Undergrad: 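I'd like to ask some things about the structure below.
As the structure is a computational prediction, the values presented were derived from the model and not from experiment. To find a chain, count down the sequence lines: A is the first, B the second, and so on, and within it residues start at 1.
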There are 2 protein chains.
Amino acid sequence: MNGRFAISMHILTLLAKANGEWLTSEFIAGSININPVLVRKEISNLRNRGLVVSREGKNGGSALAKPASQIQVSDVFLATRQGPFLGSSRNTPNPACPVGRQINKHLDNLYQEAEVALIQKLGDSTLDEFSRRFD
Amino acid sequence: MNGRFAISMHILTLLAKANGEWLTSEFIAGSININPVLVRKEISNLRNRGLVVSREGKNGGSALAKPASQIQVSDVFLATRQGPFLGSSRNTPNPACPVGRQINKHLDNLYQEAEVALIQKLGDSTLDEFSRRFD
DNA sequence: AATATTGTAATAAAATTTGTTACAGTTTTG
DNA sequence: CAAAACTGTAACAAATTTTATTACAATATT
């Protein structure tokens with residue numbers, strides 16, 4: 001995972017504990033201690049994924065699109081992962097070498113297997129469970 | 001995983017298929033298509049992990065420190081991972097906020113659980129198996 | 001002694017991530 | 001309707017991380 005996963009989990013945890021209140025990006029940014037624009041960018045992504053809803057204008061803000069018990073941690077992982085998860089092979093190995101020619105294909109297979117296992121694991125827990133861990 | 005995992009897997013696959021030959025960093029770099037110094041750095045790391053042995057001087061190079069069947073993919077993962085695997089929380093959230101104060105602790109727990117699942121999965125396969133996938 | 005090679009430090013370049021500024025568009029409220 | 005409080009997003013800047021390069025000392029072989 002990357003920093004975006006942490007930011008998204010933080011946002012979603014705040015929303016889960018907000019009890020129907022619409023939180024502003026500025027308030028959320030104050031808790032995470034980052035710039036409100038970054039929060040809005042992440043929320044935009046979560047909204048596209050159907051996890052969050054927002055409203056513009058005065059008294060605007062964001063809220064969960066569905067109960068926290070229906071949001072799995074794996075949903076957040078999938079929403080924030082970029083590309084093939086495990087750093088992907090951005091090498092362009094030598095095609096004249098038998099290993100170089102095939103390594104990316106085999107690594108991609110490996111990554112995918114690993115990712116499936118990880119998603120399964122993260123699918124076990126929900127945002128509701130996660131947010132209840134806080135005092 | 002990161003680019004270093006891919007590089008290390010590439011190096012180890014070449015060594016596994018080298019049949020006792022000592023491969024030079026230049027040869028390996030040619031297959032991966034990166035700078036030989038990077039190869040030597042990665043090999044240095046793998047050597048510290050007990051996966052590879054090297055010898056200096058003319059006709060020097062590197063070889064596996066043990067049979068490929070005794071090297072698990074999870075060993076490579078552990079050798080190349082940097083820090084808390086999933087991008088770690090380098091945010092410094094607001095300690096005045098109940099969520100901000102505890103989020104890193106709970107995320108770390110989550111990361112660790114996920115990492116255990118991943119390592120278990122990667123522990124299922126060995127370098128030997130991986131290298132046999134190549135034609 | 002000449003050659004081939006590793007080991008490693010120092011530095012530079014490139015890529016990625018994170019942060020900032022700016023401002024148009026949308027609601028609410030007086 | 002105008003002011004205020006927001007979101008949405010683009011464009012740009014700064015910081016960080018990753019990857020590459022240069023340089024050279026140390027080690028073996030021939």
Undergrad: Calculate the interatomic distance between B:Glu42 atom CD and C:dT8 atom C1'; express it in whole Å.
TA: 14 Å
Undergrad: Using the side-chain hydrogen bond (donor to acceptor under 3.5 Å, both in side chains) criterion, which residues pair with B:Arg40? Sequence neighbours excluded.
TA: B:Ser25
Undergrad: Quick check: does any side chain N or O of A:Lys17 sit under 3.5 Å from a backbone N or O of A:Ser131, one acting as donor and the other as acceptor?
TA: yes
Undergrad: Could you state the atom-to-atom distance from CG of B:Leu38 to P of D:dT21 in whole Å?
TA: 8 Å
Undergrad: Under a 4.5 Å cut-off applied to non-hydrogen side-chain atoms, are B:Leu23 and B:Leu14 in contact?
TA: yes
Undergrad: Kindly say whether B:Ile7 contributes a backbone atom to a donor-acceptor pair with the side chain of B:Glu42 at under 3.5 angstrom?
TA: no
Undergrad: Measure the distance from NE2 on A:His10 to P on C:dT18 and round it to the nearest whole Å.
TA: 15 Å
Undergrad: For B:Asp124, enumerate each residue passing the salt bridge (charged side-chain N to carboxylate O under 4.0 Å, His left out) test, keeping only those at least two apart in sequence or located in another chain.
TA: none
Undergrad: Between atom CD1 in A:Ile32 and atom P in C:dT18, what is the gap in whole Å?
TA: 12 Å
Undergrad: Could you run down nucleotides 1-9 of chain D 5' to 3' and tag each one B, S or - for protein heavy-atom contact under 4.0 Å?
TA: ---BBBBBB
Undergrad: Return yes if some donor-acceptor pair links the side-chain N/O of A:Asp75 with the main-chain N/O of A:Gln72 below 3.5 Å, else return no.
TA: yes
Undergrad: Please give, in whole Å, the distance from C:dT21 P to A:Ile34 CD1?
TA: 15 Å
Undergrad: Which whole-number value in Å describes the distance from B:Asn35 CG to C:dA12 P?
TA: 16 Å
